[in-house]
There are 2 protein chains.
Amino acid sequence: MTEQKIRNMEEFAALSGLSRPTVSKYFNNPDSVRASTRKRIEDALERYNFRPNIYAVNQNRRLTKSIGIMVPYLADPFFAEMARTIETLCIEAGFRPILLSSHGDSELEAENLESLLSFKPAGVLFAPLGRISDKAAIERFCRDVPTVLFDSNLDGMGEAFVGSDNASFVNQTVDYLCRTGEAPCFFEMRTPANPNANKRRMAYIDAMERHGQEPVVISIEGDGWGFEEIGRQGTHTALATNDFKTNTVLCSNDRLAIGLLAACYERGLGVGRSPDSALRVASHDDHPYSRFTCPALTTAAHSYSDVANRSVEILFEMIESGARCETRVETLFPAKLVVRASA
Amino acid sequence: MTEQKIRNMEEFAALSGLSRPTVSKYFNNPDSVRASTRKRIEDALERYNFRPNIYAVNQNRRLTKSIGIMVPYLADPFFAEMARTIETLCIEAGFRPILLSSHGDSELEAENLESLLSFKPAGVLFAPLGRISDKAAIERFCRDVPTVLFDSNLDGMGEAFVGSDNASFVNQTVDYLCRTGEAPCFFEMRTPANPNANKRRMAYIDAMERHGQEPVVISIEGDGWGFEEIGRQGTHTALATNDFKTNTVLCSNDRLAIGLLAACYERGLGVGRSPDSALRVASHDDHPYSRFTCPALTTAAHSYSDVANRSVEILFEMIESGARCETRVETLFPAKLVVRASA
DNA sequence: GTTCAAATTTTACGCGCGTAAAAAAAATGT
DNA sequence: ACATTTTTTTTACGCGCGTAAAATTTGAAC
């Protein structure tokens, strides 16, 4: 490997004794040039370590090999894990992912969409903020770029939606809890941005009615993405005012549950299935850390890989066929109940 | 706002009744055009919602307004939080951050550097993988792009390093633990990629010797980035073979500690300061979740904001002055001991 | 009304590359 | 060996924009 730096494809082509477009053709598809030409390029490649500027390539290609990935809050381990999985799938398929986080801010979300537009991705995998999203901006974006929504659905936006079946999540946890002990109260944030939260509450009420039980919903205050702290404080309040009507709590999501467990521990309340425990706690998501709470959290698990795989699959199919989906398909994966020690 | 779509600056300039370079000048600095010209552009902007293609801009600008941010593993909440903080600082300063994760893979790390090179960022904030990093690739990159390393230092690479003072972390935890009870054993991974881990072990040994205590290092096996699970299993092994020589454990980092706490809970071992607790556990990092473990984790906290602020500060100074640092400065921030319930 | 320097705008070219169409080369058939 | 077809390479132009240098406008002073 010579240390000589190559500025651009022109320079590299000259060193290979070829014209730039021929080299361009090679990088687009190595088999599209004659074997002898290919060898000359690859020999030069050994010596000079040149790579086309991906951004210049994107600017000119009719169809790029780039995929945009955007999540509402990357510092949430759920989305971090989701993004990681999707990124890996894209890389394996020969695409170049570009990852963006909205940081919980709808303006930044809209900004990011603008930025993605400039990037000219072949397609975008997008988990929107939800309620607070700038719907008009998203709709405009989706007209220009093939987009698959995941995790949070926005009516009619994007070519398809892939997510988890909130009813399946809640039915499984409620059924399990009712079968094995007292019926659960439902613990949630009052004004969640994420639309799944509302669906879960409604599914809880339905499920409780099916079981002939009175639903008890505890909606706690709190803004932002610090769900654990919101859950912790909300639990202290709820316990102080005796809001939990049974010894069983079903949390809307694992991050709230983590906060709830912390509050219980602080108050010396035992959590678990054993008779001397004060509370049973279950939740939804199978957050990466729910395996490590004390006690380990009983929860309904997303199938990370199913959601990631299917989202990517649908997007790749659209990209390859060059067509948009004729009808907007919504794919919902059922949850898998993971029984651990907390309930 | 007219719905008419603008393809490029040429088209927008025509609609404004100006030449493209004038419009370009405006976007570069709105004050660099005459007030009347500016008004014409801004009026047109109201009606047509045009924005220059950021990637085309980057391709041509001598100095871009983009900042690369790269961390070793974005699904680790520590790095997620760090990245989020730095991103926010960059946005506030009028820069456009682009965030990349190495996903724990040194090849991807090198790939990402190549990608950043194409992106032509004004500068890069880079937390390398550490031991497994492709040093040659990083060195090449740093020659071309002003780079500030953070969190993990690599000798001589980048223009500056900003991180935390591992000795300060360990001294504070060891001092505190020795002062308040039995001297701690040190719990760590045998082959960590991150160089901070080695510094912490050495600092532990030093600190123990200063206290006239025999250091006990428990190095557990495990690969990858699933530190909690590694810590959990390692704890079970260590407890089974009675490796903890005292009732106090100091973990190399919080993620290991989270696993350790889970294992203790599984075994019914109480953790905390009270006389009936079997173990005291402390750690380092002040991971975003260490507030919510059961019991809450006593730990030495990074100053996230100090590290983020200083890294960004140094980089911006370099960018503004247009010069590289004359000497490579290493800034280390001391830890802040956060005493919670676990020790 | 003229002059001239300063501010502003335009011209012309470049960034690094993709791609259609034209040209050249190679392969095939006779 | 020559005509024809097919493949490969090159020419020429375009993508969306920055920027130095040239041309123009402005406006203040006389």
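Throughout, a chain's letter reflects where its sequence line sits, starting with A, and its residues are numbered from 1.
A:Gly130 and A:Leu154 get closest at one heavy-atom pair: O-CD2, 4.0 Å.
For the pair A:Lys25 NZ and D:dA12 P, the computed distance is 19 Å after rounding to whole Å. Put simply, CZ on A:Phe27 is 15 Å from P on C:dG16, counting in whole angstrom units. Going from atom OH of A:Tyr26 over to atom P of D:dT7 covers 21 Å, rounded to whole Å. In this structure, the CD atom of B:Glu10 is 13 Å from the P atom of C:dA12, given to the nearest Å. Atoms CG (A:Asn60) and P (C:dC15) sit 14 Å apart, rounded to a whole Å. Protein atom CG of B:Asn58 is 11 Å distant from nucleotide atom P of D:dT19, rounded to whole Å. One atom, CG of B:Asn28, and another, C1' of D:dG16, lie 15 Å apart when rounded to the nearest Å. Distance B:Arg20 CZ to C:dT10 C1': 11 Å, rounded to the nearest Å.
With C:dC15, C:dT8, C:dA26 as the candidates, the nucleotide lying closest to the side chain of B:Arg34 is C:dT8. Of the candidates C:dT10, C:dG16, D:dG16, the closest approach to any side-chain atom of B:Ser19 belongs to C:dT10. Here the nucleotide nearest the side chain of A:Leu18, chosen from D:dA12, D:dG18, D:dT10, is D:dT10. The B:Arg61 side chain lies nearest to D:dT19 when the options are D:dG16, D:dT19, D:dT10. Side chain of A:Met9, nearest nucleotide from C:dG18, C:dT8, D:dC17: C:dG18.
Across all strands shown, A:Arg62 has heavy atoms under 4.0 Å from sugar-phosphate atoms exclusively, and none from any base. The residue A:Phe50 sits close only to the backbone: its heavy atoms come under 4.0 Å of sugar-phosphate atoms, none of a base.
DNA chain C is contacted by both A:Arg7 and B:Pro21; B:Pro21 maps to the nucleotide lying nearer its 5′ end (nearest heavy atom per residue).
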Walk me through it: do A:Asn28 and A:Arg61 pass the test side chain to side chain donor-acceptor pair (under 3.5 Å)?
-> CA-CA 10 Å; A:Asn28 207 324; A:Arg61 261 173 126 94; 3.2 Å; yes
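At the phosphate of D:dT8, neither OP1 nor OP2 sits under 4.0 Å from any side-chain N or O atom of A:Thr22. OP1 and OP2 of C:dC17 both lie 4.0 Å or more from every side-chain N or O belonging to A:Ser24.
Ionic pairing of B:Arg38 and B:Asp31 is present here: one or more N-O contacts between side-chain nitrogen and carboxylate oxygen are shorter than 4.0 angstrom.
For the pairing with A:Ser311, the side chain to side chain contact (heavy atoms under 4.5 Å, CB included) check across A:Val307, A:Leu315, A:Ile314, A:Asn309 returns one residue only, A:Val307.
In this structure, B:Tyr26 and B:Glu42 have side chains that are in contact, with non-hydrogen atoms separated by less than 4.5 Å.
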